[in-house]
Every structure is written in C-alpha cells, then in structure tokens.
Chemist: 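Structure in structure tokens, see below.
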Amino acid sequence: MKTAVTIKEVRAQVGEWRKEGLTVGLVPTMGYLHEGHASLVDRAVSMCDRVVASVFVNPTQFGPGEDLETYPRDFARDCALLEEHGCDLVFHPEVSEMYEADAATYVEILSDMPKQLCGKTRPIHFRGVCTVVSKLFNIVQPDKAFFGQKDAQQLAIIRRMVRDLSYGIEIVGCPIIREEDGLAKSSRNTYLNEEERQAALVLSKAVFLGEKMAEEGEQDAGKIVSAMKALIEAEPLARIDYVSAVDAVTMEPVARMEGSVLVAMAVYIGKTRLIDNFIR
Ligand code: PAF
C-alpha cells in the first residue's frame with residue numbers, strides 16, 4: 001500500500017491507474033479505523049480495481065466546542081488495517097494541503113435536509129462534510145465512493161450533493177457494523193469508560209425495539225419514537241439529543257411508517273454523543 005500526503009501524489013497515482021483502464025473506489029474516513037471502516041474497504045475492493053482511502057480529520061465539519069482536538073488518531077494502526085483489507089493508496093494530507101489559509105468556498109445544500117436531525121445541534125457540520133467530500137471527489141475522481149449507513153443523514157446528503165452537482169460517481173451505502181452486544185462501531189466509542197460503555201447499549205436496544213415494532217406492523221411513527229425514547233430515558237447516563245422518524249431520502253419528518261423511513265437518534269452517554277438508526 002502506498003501513502004500520499006499531497007494532492008499531486010494522489011493525482012499522479014490515480015492517473016497511472018486510469019491509463020491502465022482500472023476502476024477506482026474511494027473510502028473517505030477520519031481515521032481511528034474500526035471494523036465498520038474495514039467493511040467499507042472490503043466492499044470497495046470487491047467492486048473496484050483499485051481502492052483509495054483518505055484519513056483526514058476534517059476541521060470544517062467540527063463546530064466550536066466539539067471534539068476536533070481530542071478526536072482519536074492512530075495513523076500507524078489505520079495503515080495496518082487498510083493494508084490488511086487490500087487498500088492500494090492511503091491519502092493522509094495535512095490541513096494546509098486541503099485548505100488554503102484563506103479558503104472561502106464551501107459546498108452546502110440549501111434545503112432543510114442538513115438542518116434536520118444532527119443538523120439541529122451541529123449547524124455547520126454538513127457544510128463541512130459536503131465541502132471535504134467534494135474536494136476528495138475532485139482530487140481522486142473515483143468511479144465509486146463508499147459510506148456507512150450509520151451516518152444515515154450524511155449518506156443521504158452526499159447522494160443529494162452528487163445528484164445536484166452532477167458528479168459521475170456511484171455512492172455505495174454499506175450496512176452498520178455492530179459489536180457483538182449490539183453497539184454500533186464508532187471511533188467515538190473509545191471515549192466511553194466501562195460504565196458508559198454498558199449504558200451505551202441503550203442505543204442499539206432502542207433501535208432493535210423500533211425495528212421490531214415496525215416489523216410487527218406499527219404504522220404510527222410517533223408511537224415507535226415514543227417507545228424508543230422511553231427505553232433510552234430509563235438509562236440514567238443517557239441524555240437524548242433527538243430520536244426522530246424522517247423520510248429516508250429527504251430527511252423531512254414523517255408521521256407514518258410509509259415508504260422508506262429513517263428512524264435515527266443521537267444520544268449523549270456522559271459527554272460522548274453517539275448515533276444509531278434503522279431504515280424501514
Ligand atoms: O464519516 C466520516 O468519517 C466523515 O464525515 C467523512 C465522510 C470522512 C468526511 O470527513
């Protein structure tokens with residue numbers, strides 16, 4: 001596996017692959033990789049001739065007071081995982097390589113889509129995500145890009161951005177990967193102490209409860225959300241940011257479980273904000 005730290009190096013390598021007629025997949029990440037990321041790389045390897053992963057903690061998607069400085073980092077470990085899973089090139093730029101000091105251009109969806117769910121408490125988050133993903137698309141120019149369903153709103157927003165800006169890139173959504181006890185894998189799980197790690201199970205328990213209610217035919221989205229909230233509220237270490245049912249494509253709130261519905265949540269366990277969801 002090769003490592004590139006400059007945009008020029010990435011373009012040179014991808015250019016060579018293109019000359020050979022090879023297809024390229026991109027797995028954008030912020031590093032501190034786990035099996036969720038590994039599953040994205042596996043999927044990319046199975047669908048593309050060459051795979052590029054980016055490891056970049058993107059400052060423009062963190063708001064004031066969020067965990068930009070403390071976000072966990074371990075590039076050596078990330079490289080070992082990426083190589084083991086068949087990644088061909090890892091792009092690990094400095095912030096200055098990605099953003100000029102006077103950079104002033106952003107990519108932002110101006111509908112309500114980024115204002116729902118996580119956008120309510122993270123108002124600049126999706127503008128930062130769209131901007132960096134758009135830059136990565138321009139740098140790598142992949143055929144396909146791979147994102148996890150755990151960040152369901154992010155995935156929907158990227159699909160919308162790709163549609164609106166006519167990127168010729170196929171977006172591949174990949175399923176949530178969970179620990180054996182149900183907790184969705186996340187780089188932020190590392191913030192949890194032992195007691196919080198146990199308490200965090202309340203997220204997946206709520207997801208499984210909601211899924212079961214929907215499977216059993218409950219059509220009232222409000223009833224599903226209320227039952228999930230009640231379960232979470234019974235956990236003393238948990239504080240709900242939101243539990244909501246929205247249209248899985250537009251992110252508009254829905255009252256009925258009709259069409260494709262995303263039931264998503266963000267919950268603080270102690271100081272750590274975790275997300276989880278299901279789609280029906
Ligand atoms: O999902 C993430 O890790 C990030 O939001 C992404 C897509 C790599 C952009 O920084």
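When a ligand or atom number is given, it counts from 1 through the structure's own listing order.
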Chemist: If you draw a 6.0 Å radius around CD in Glu35, do more than 12 non-hydrogen atoms from other residues or ligands fall strictly inside?
Modeler: no
Chemist: How far is atom 9 (C) of ligand 1 from its nearest protein heavy atom, and which residue and atom is that?
Modeler: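 Heavy-atom neighbour on the protein nearest atom 9 (C) of ligand 1: Gln61 OE1, 3.3 Å.
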Chemist: Give the numbers and elements of all ligand 1 atoms closer than 4.0 Å to a heavy atom of Val132.
Modeler: 9 (C), 10 (O)
Chemist: List ligand 1 atoms under 4.0 Å from Thr29, heavy atoms only on the residue side.
Modeler: 8 (C)
Chemist: Is any side-chain heavy atom of Pro72 less than 4.5 Å from a side-chain heavy atom of Tyr191?
Modeler: yes
Chemist: Taking Asp74 for the side chain and Arg77 for the main chain, is one N or O donor matched with an acceptor at less than 3.5 Å?
Modeler: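 The answer is yes, because a donor-acceptor pair under 3.5 Å joins these two groups.
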Chemist: Does atom CD of Glu215 have more than 12 heavy-atom neighbours, drawn from other residues, nucleotides or ligands, at distances under 6.0 Å?
Modeler: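 Yes.
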Chemist: Looking at atom 3 (O) of ligand 1, what's its closest protein heavy atom, distance included?
Modeler: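 Ranked first by proximity to atom 3 (O) of ligand 1 is Met30 CG, 3.6 Å.
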Chemist: Within the 4.0 Å heavy-atom shell around Pro28, which atoms of ligand 1 are there?
Modeler: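 Counting atoms of ligand 1 from 1, those under 4.0 Å from Pro28 are 8 (C).
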Chemist: Considering non-hydrogen atoms of the protein only, which is the closest contact for atom 7 (C) of ligand 1, and what is the distance?
Modeler: Gln154 NE2, 3.4 Å
Chemist: For the pair Phe56 and Tyr99, name the ring-plane relationship: parallel under 30°, tilted 30 to 60°, perpendicular over 60°.
Modeler: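 Rings of Phe56 and Tyr99: tilted, as their planes differ by 30° to 60°.
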